[in-house]
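Structure first, commentary second.
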Amino acid sequence: MAPASDLAFDPWDPDFVADPYPAYAELRARGRVQYFEPTNQWLVPHHADVSALLRDRRLGRTYQHRFTHEDFGRTAPPAEHEPFHTLNDHGMLDLEPPDHTRIRRLVSKAFTPRTVEQLQPYVRELAGELVAKLVEAGGGDLLTDVAEPLPVAVIAEMLGIPESDRAQLRPWSADICGMYELSPSQETAKRAVRASVEFSEYLRELIAHRRAEPGEDLISGLIAAYDEGDRLTEQEMISTCVLLLNAGHEATVNATVNGWWALFRNPEQLAALRADHSLVPAAVEELMRYDTPLQLFERWVLDDIEIDGTTVPRGAEIAMLFGSANHDPAVFADPEKLDLTRRENPHISFSAGIHYCIGAPLARIELAASMTALLETAPTLALATEPTRKPNFVIRGLDGLAVEI
């Protein structure tokens with residue numbers, strides 16, 4: 001087994017971040033699992049393995065439900081990072097059963113098919129308004145003018161965050177999500193801690209206000225569940241709200257701009273989409289596969305596992321490469337080709353297993369709404385200048401996407 005450090009996999013290299021897919025092909029060719037010394041992780045690049053491991057209960061998003069840091073051979077996070085970890089570790093994405101099950105059951109009531117379907121008119125109307133403003137201006141930045149405000153407004157509306165407060169949400173989210181990158185810097189950690197403190201204080205005040213004056217929003221619903229005896233602490237409420245906001249728009253924002261950048265680079269596919277808007281649902285799935293917003297998802301090894309004859313020991317960390325899995329030729333015919341008519345598309349951009357993205361149906365509605373609005377209202381939309389990539393690898397997106405009408 002060749003160590004991954006011998007390969008082209010380099011998540012801190014701008015050229016790799018710009019196009020990691022050739023390196024993924026090399027990783028897949030080398031085997032099913034490779035140790036990557038710089039981050040002390042085991043990389044898993046194949047679709048079948050990633051899909052299976054996402055469902056494997058020998059792995060966990062946390063280990064603290066079974067082990068102390070010392071028992072697990074890990075060092076506790078620095079004390080100065082505590083506000084971030086308190087916020088992060090009480091969200092259901094980083095919990096395991098039974099706590100994960102309890103919180104997800106409560107939150108899932110807000111994401112039933114019927115509830116999400118009822119949001120469609122609001123999402124479509126908002127997408128139409130945002131695109132109309134873009135067209136009126138003759139163009140702009142698709143990231144800041146459409147991709148960001150749409151999902152932020154939708155999840156903030158669901159949570160019951162007043163419109164006047166919503167400008168703070170995206171910066172807080174961006175700073176917190178910086179900690180999900182591989183080996184974040186001290187400055188990144190400081191920004192994440194500061195955002196964690198400020199966001200938590202804001203939500204604590206909002207929860208107190210909703211206790212006094214309940215509404216029809218999700219925060220009021222979580223408070224009511226607490227009052228009716230469901231065990232949900234205030235910290236779990238705060239962490240859940242932050243998770244829903246972050247997860248509820250980060251992937252959608254990046255999928256939107258990554259997707260349109262891919263379409264501009266594949267003009268024949270864009271032309272086919274413009275000629276047939278019924279391709280939109282399939283296009284959403286294919287663009288999520290083709291340039292995956294979340295490239296890597298980590299899990300702790302709670303009990304020894306074996307992958308292709310290699311034992312990955314308890315205490316190790318596995319990095320499942322979603323972007324590589326979504327380009328695995330064992331699953332996807334001609335995976336490097338963007339094909340909006342692809343019929344079989346079992347991409348794993350929304351994860352799988354108990355941590356499957358609870359907001360996936362809503363994300364699909366948002367992506368389809370903005371794409372449809374742009375196709376209908378801005379049929380001559382074109383790239384104004386070539387974009388640059390953010391330096392982030394795990395949550396991968398663009399600095400902006402300048403377009404003209």
Side-chain angles (χ1 to χ4, degrees), residues 50-69 71-72 74 76-77 82-113 115-116 155 158-159 173 176-177 179-180 196 199-200 203 207 218-219 221-226 228-251 294 296-303 305 314-320 322 348-363 394-395:
V50 171
S51 182
L53 290 172
L54 285 169
R55 297 169 171 85
D56 195 319
R57 302 309 303 141
R58 293 173 297 174
L59 304 182
R61 282 290 293 173
T62 183
Y63 54 80
Q64 295 186 69
H65 61 307
R66 285 182 52 182
F67 307 100
T68 65
H69 294 301
D71 291 338
F72 207 60
R74 293 282 165 172
E82 182 273 329
F84 166 79
H85 288 287
T86 295
L87 181 64
N88 183 73
D89 295 355
H90 286 82
M92 62 183 172
L93 182 60
D94 281 79
L95 291 172
E96 292 296 314
D99 289 330
H100 171 272
T101 309
R102 171 174 51 84
I103 297 174
R104 189 176 179 107
R105 184 182 68 248
L106 293 171
V107 175
S108 65
K109 296 175 183 177
F111 288 92
T112 63
T115 303
V116 172
I155 195 66
M158 291 181 71
L159 288 169
S173 176
I176 290 169
C177 288
M179 283 292 273
Y180 304 138
S196 298
F199 205 167
S200 295
L203 286 169
I207 288 169
L218 179 53
I219 289 178
L222 293 176
I223 292 169
Y226 174 83
E228 290 166 9
D230 271 308
R231 295 179 298 109
L232 190 72
T233 67
E234 183 176 76
Q235 182 59 59
E236 288 171 341
M237 282 189 214
I238 291 169
S239 296
T240 295
C241 291
V242 171
L243 172 64
L244 290 174
L245 176 79
N246 292 352
H249 79 275
E250 284 289 345
L294 179 65
L296 178 152
F297 196 63
E298 299 164 332
R299 288 284 176 87
W300 295 105
V301 180
L302 306 177
D303 297 296
I305 61 171
R314 186 187 84 178
E317 190 174 32
I318 282 183
M320 290 172 276
F322 283 12
I348 52 173
S349 300
F350 290 117
S351 192
I354 68 168
H355 290 292
Y356 179 78
C357 178
I358 199 170
L362 179 58
V394 175
I395 301 175

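For clarity, every value in this text was computed on a predicted model and none was experimentally measured. For this chain, numbers begin at 1 and follow the sequence in order.
Among residues two or more places apart in sequence or in another chain, the side-chain hydrogen bond (donor to acceptor under 3.5 Å, both in side chains) test is passed with H69 by Y63. Taking S51 as the reference, R55 meet the side-chain hydrogen bond (donor to acceptor under 3.5 Å, both in side chains) condition, with sequence neighbours excluded. Contacts of H85 classified as ring pair (Phe, Tyr, Trp, His ring centres under 6.0 Å), with partners at least two apart in sequence or in another chain: none. With sequence neighbours excluded, the residues forming a side-chain hydrogen bond (donor to acceptor under 3.5 Å, both in side chains) with E96 are R57, H355, listed by chain and number. Every residue meeting the side-chain hydrogen bond (donor to acceptor under 3.5 Å, both in side chains) condition with S239, not counting sequence neighbours, appears here in chain and number order: Q235.
Side-chain contact between R314 and F72 is present, with at least one heavy-atom pair separated by less than 4.5 Å. With a 4.5 Å cut-off on side-chain heavy atoms, K109 and L106 count as touching. You'll find the side chain of D94 stays beyond 4.5 Å of the side chain of T62, heavy atoms only. At a threshold of 4.5 Å between non-hydrogen side-chain atoms, the residues L54 and Y356 do not count as touching. Side-chain contact between E234 and I238: present, with at least one pair of heavy atoms (C-beta onward) separated by less than 4.5 Å. When side chains are defined from C-beta on, H100 counts as touching I354, because their heavy atoms get closer than 4.5 Å. The side-chain heavy atoms of E317 and R299, taken from C-beta on, include no pair separated by under 4.5 Å. In this structure the side chain of R58 never reaches within 4.5 angstrom of the side chain of L302, judged on heavy atoms.
Minimum heavy-atom separation, F297 to S351: CE2-OG, 4.2 Å. For the pair L294 and I395, the tightest heavy-atom approach, listed with the atom from each and the gap, is CD1-CG1, 4.2 Å. Among all heavy-atom pairs drawn from L362 and M158, the shortest one is CD2-SD, 3.7 Å. Across all their heavy atoms, L296 and A319 have their closest contact at CD1-CB, 3.7 Å. Taking both residues in full, the closest heavy atoms of I223 and I207 are given as CD1-O, 3.5 Å, listed atom of the first, atom of the second, then distance. The nearest pair of heavy atoms linking I155 to L244 is CG1-O, 3.5 Å.
Looking at R104, its side chain never comes within 3.5 Å of a backbone N or O of M92 through a donor-acceptor pair. Side-chain atoms of T86 come within 3.5 Å of backbone atoms of E82 as a donor-acceptor pair (strictly under, hydrogens ignored). Not a single donor-acceptor pair under 3.5 Å links the side chain of S108 to the backbone N or O of F111.
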* Begin from the C-alpha positions of L53 and M320 and carry the test side chain to side chain contact (heavy atoms under 4.5 Å, CB included) through to its verdict. => CA-CA 8 Å; L53 290 172; M320 290 172 276; 3.8 Å; yes

* Should D303 and R66 be marked as a side chain to side chain contact (heavy atoms under 4.5 Å, CB included) after you check the CA-CA gap, both sets of side-chain angles, and the distance that decides it? -> CA-CA 11 Å; D303 297 296; R66 285 182 52 182; 3.1 Å; yes

* Asked: Could you walk me through whether L243 and L93 pass the side chain to side chain contact (heavy atoms under 4.5 Å, CB included) check?
  -> CA-CA 8 Å; L243 172 64; L93 182 60; 3.9 Å; yes

* Please test W300 against I318 for side chain to side chain contact (heavy atoms under 4.5 Å, CB included), starting from the C-alpha separation and ending with a verdict. => CA-CA 6 Å; W300 295 105; I318 282 183; over 6 Å; no

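Contacts classified as salt bridge (Lys or Arg N to Asp or Glu O under 4.0 Å) and involving residues 238-251 (residues at least two apart or in different chains) are given here: R170-E250.
In this structure, L203 CG and L159 CG are separated by 8.0 Å, a value rounded to the nearest 0.5 Å. Rounded to the nearest 0.5 angstrom, C241 SG and E236 CD are separated by 12.0 Å.
Residues N246 and S173 have side chains that bring a donor and an acceptor to within less than 3.5 angstrom of each other.
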